[in-house]
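Please read the structure below before turning to the comments.
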Amino acid sequence: MTTRAEQVAVLRPLYQRDLASGTERFFGPRRTTCPWCASDRLRERLRTPDLLQHKPGTFVIDRCLACGHHFQNPRLNESGLEFYYRDCYDGLGRGTAEGLLGAARSRKRHRVAAQSVRPFTDPERWLDVGTGYGHFPEAARQVFPKTAFDGLDVGEGVAFAESEGRIDKALRGLFTESAPSLAGQYDVVSMHHYLEHTADPRGQLQAAHMVLRSGGLLQIEVPDPESAYSGLLGRWWVPWFQPQHLHLMPCRNLQQALGEAGFTVLEVGRRAAHRPVDLAGAIVLLLSRLAPRDDAPWHPRPPSAAARRVRKLLWTGGLPAVVAAYALEQCLAPVARRTGFSNAYRILARRN
């Protein structure tokens with residue numbers, strides 16, 4: 001079995017070749033107007049490096065003072081998206097992604113999300129967009145055992161999800177390009193922490209309208225850029241998730257866009273969507289930033305033995321702080337869910 005060190009050694013020349021001319025080529029032109037409302041009243045909200053994989057580059061999120069929309073500016077182009085997603089959910093990052101997305105707490109949240117659809121429909125076919133390794137359909141099937149669940153994603157995880165029986169059918173590709181061939185086939189479409197990753201959120205809503213049957217339901221869950229935690233924690237707020245999150249939409253903006261796309265909003269909720277990991281996540285990002293880097297192919301050379309020891313000591317010393325912060329957040333979660341500290345919201349809408 002190939003070790004991680006051997007995988008990194010094989011990939012390093014490829015990454016170094018990609019980085020030989022810098023990271024500027026991964027970005028499109030900087031916008032001077034808001035992509036949501038076209039206002040030119042923009043203000044920089046955040047400037048940060050990649051705190052997730054620690055790949056080279058600096059990323060900026062601007063806020064529109066007219067409508068509150070937050071967006072990456074300049075935005076990653078197609079080459080940039082490929083570079084920064086590479087080895088995050090697949091390849092080197094697959095084990096970590098599977099562990100986080102398939103955790104017991106995540107499965108419970110998925111079942112609760114599926115339960116919220118039950119008062120409105122008993123679906124025959126359900127499409128989970130951005131399904132990853134199919135953890136949401138796997139949990140939702142416990143609520144709707146007779147429903148056929150399909151999953152769509154651009155990564156290799158969707159094929160794995162089908163092979164493991166987590167979904168009935170794997171659809172690999174872009175949703176907006178796949179939608180015409182899926183027109184009118186589904187009773188429910190779910191997008192859980194998917195929309196913020198897309199270059200054109202409104203186009204995604206139109207695609208969902210196309211694949212849903214008349215009266216079908218669209219369930220969306222996204223981070224809330226107006227959460228009090230986003231201001232309190234700054235760049236250390238995990239849902240900024242740079243460089244992958246391209247758009248972060250205030251709830252009122254998304255509700256309006258759903259209406260324009262031909263949907264009627266049935267429910268809006270923040271309590272069940274909140275994930276109490278803001279404080280612990282901020283400490284993890286800070287420790288990761290302060291510690292000497294781990295070995296990864298986007299770094300020119302492996303870390304020294306001394307750097308490895310310092311990294312291990314820092315993480316060992318910082319772990320109690322992470323655990324304490326996580327425990328505190330579990331205690332504060334009931335309050336956070338009912339106040340402006342909720343870090344996400346969920347919308348259920350019906351296709352007109």
Side-chain angles (χ1 to χ4, degrees), residues 1-12 14-15 48-57 59 81-110 128 130-139 151 153-161 163-164 166 192-194 196-197 223 235-245 275-299 302-303 307-308 311-312 314-316 318-319 321-323 325-326 329 343-344:
M1 182 177 179
T2 305
T3 66
R4 176 182 168 84
E6 291 170 336
Q7 291 178 295
V8 169
V10 170
L11 293 173
R12 181 169 277 120
L14 304 178
Y15 270 99
T48 180
D50 178 356
L51 299 174
L52 305 172
Q53 293 180 284
H54 304 283
K55 290 181 177 178
F59 311 93
L81 291 170
E82 189 280 327
F83 178 81
Y84 287 103
Y85 270 87
R86 194 191 313 166
D87 288 306
C88 185
Y89 301 101
D90 301 330
L92 290 177
R94 175 173 175 172
T96 301
E98 272 268 60
L100 291 173
L101 298 174
R105 186 174 291 272
S106 295
R107 293 196 297 271
K108 180 179 178 181
R109 286 172 41 79
H110 293 331
D128 186 42
T131 197
Y133 287 92
H135 293 294
F136 172 76
E138 181 182 39
D153 212 320
V154 295
E156 64 185 29
V158 67
F160 176 80
S163 68
E164 291 292 301
R166 297 174 182 174
H192 295 147
H193 291 270
Y194 160 81
E196 65 271 23
H197 291 261
R235 69 161 67 176
W236 311 111
W237 189 52
V238 174
W240 289 129
F241 215 71
Q242 290 302 293
Q244 294 189 22
H245 285 181
R275 300 183 180 187
V277 295
D278 301 89
L279 299 178
I283 295 175
V284 168
L285 291 181
L286 179 60
L287 288 172
S288 182
R289 180 66 173 168
L290 294 176
R293 60 177 176 78
D294 195 7
D295 194 14
W298 42 90
H299 301 311
R308 292 178 187 271
R311 177 181 174 83
K312 183 177 181 179
L314 186 60
W315 275 106
T316 301
L319 185 59
V322 176
V323 174
Y326 183 78
E329 284 189 289
N343 57 23

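Side-chain atoms of Gln7 do not come within 3.5 Å of backbone N or O of Thr2 as any donor-acceptor pair. Formation of a donor-acceptor pair under 3.5 Å by the Gln53 side chain with backbone atoms of Asp87 is found in this model. With hydrogens and angles disregarded, no donor-acceptor distance shorter than 3.5 Å links the side chain of Ser288 to the backbone of Leu285. A donor-acceptor pair is defined here as one N or O able to donate and one able to accept, closer than 3.5 Å; such a pair exists between the side chain of Asn343 and the backbone of Arg275. For Asp153 (side chain) and Gly132 (main-chain N/O), a donor-acceptor pair under 3.5 Å exists by modelled atom type. Of the possible polar contacts, none joining the Arg12 side chain to the Trp298 backbone as a donor-acceptor pair under 3.5 Å is found. With hydrogens and angles ignored, the 3.5 Å screen pairs a side-chain donor or acceptor of Lys55 with a backbone N or O of Phe83.
Nearest approach of Ile283 to Ala325, heavy atoms of both residues: CD1-CB, 3.6 Å. Contact detail for Pro303 and Arg308: the closest heavy-atom pair is O-NE, 3.6 Å. The heavy-atom pair separating Arg166 from Pro137 by the smallest distance is O-CB, 3.5 Å. Ala97 approaches Cys88 most closely through the heavy-atom pair CB-O, 4.1 Å. Shown here for Glu6 and Thr3, the closest heavy-atom pair between the two residues is OE1-N, 2.9 Å. Residues Pro239 and Pro223 come closest through the heavy atom pair CB-CB, 3.9 Å.
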Working for side chain to side chain contact (heavy atoms under 4.5 Å, CB included), residues His197 and Tyr85 = CA-CA 11 Å; His197 291 261; Tyr85 270 87; 2.6 Å; yes

Should Tyr133 and Arg94 be marked as a side chain to side chain contact (heavy atoms under 4.5 Å, CB included) after you check the CA-CA gap, both sets of side-chain angles, and the distance that decides it?
-> CA-CA 10 Å; Tyr133 287 92; Arg94 175 173 175 172; 3.1 Å; yes

Kindly indicate, with the supporting measurements, whether the criterion side chain to side chain contact (heavy atoms under 4.5 Å, CB included) is fulfilled by His192 and Arg109.
-> CA-CA 11 Å; His192 295 147; Arg109 286 172 41 79; over 6 Å; no

Show the numbers, then the answer: is there a side chain to side chain contact (heavy atoms under 4.5 Å, CB included) between Leu51 and Trp240?
-> CA-CA 10 Å; Leu51 299 174; Trp240 289 129; over 6 Å; no

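A cation-pi contact, defined as under 6.0 Å to the ring centre and within 45° of the axis, links Arg86 to Tyr15.
To the nearest 0.5 angstrom, His110 atom NE2 is 9.0 Å from Glu138 atom CD. We find the CG-CZ distance between Asp50 and Phe241 to be 9.5 Å, quoted to the nearest 0.5 Å. The distance from atom OG1 of Thr48 to atom CD of Gln242, rounded to the nearest 0.5 Å, is 7.5 Å.
For the pair Phe136 and Thr131, the minimum side-chain heavy-atom distance is 4.5 Å or more. Side-chain contact between Arg293 and His299 is present, with at least one heavy-atom pair separated by less than 4.5 Å. A 4.5 Å side-chain heavy-atom check between Glu98 and His135 finds at least one atom pair inside the cut-off. Between Trp236 and Leu279, the closest side-chain pair of non-hydrogen atoms is not below 4.5 Å. Side-chain contact check for Leu92 versus Leu11: some heavy-atom pair is nearer than 4.5 Å.
Under the 4.0 Å criterion applied to side-chain N and carboxylate O atoms, Asp295 and Arg311 are not assigned as salt-bridge partners.
Aromatic ring centres of Phe59 and Tyr84: separated by under 6.0 Å.
Atom CZ of Arg4 has more than 12 heavy atoms from other residues, nucleotides or ligands within 6.0 Å.
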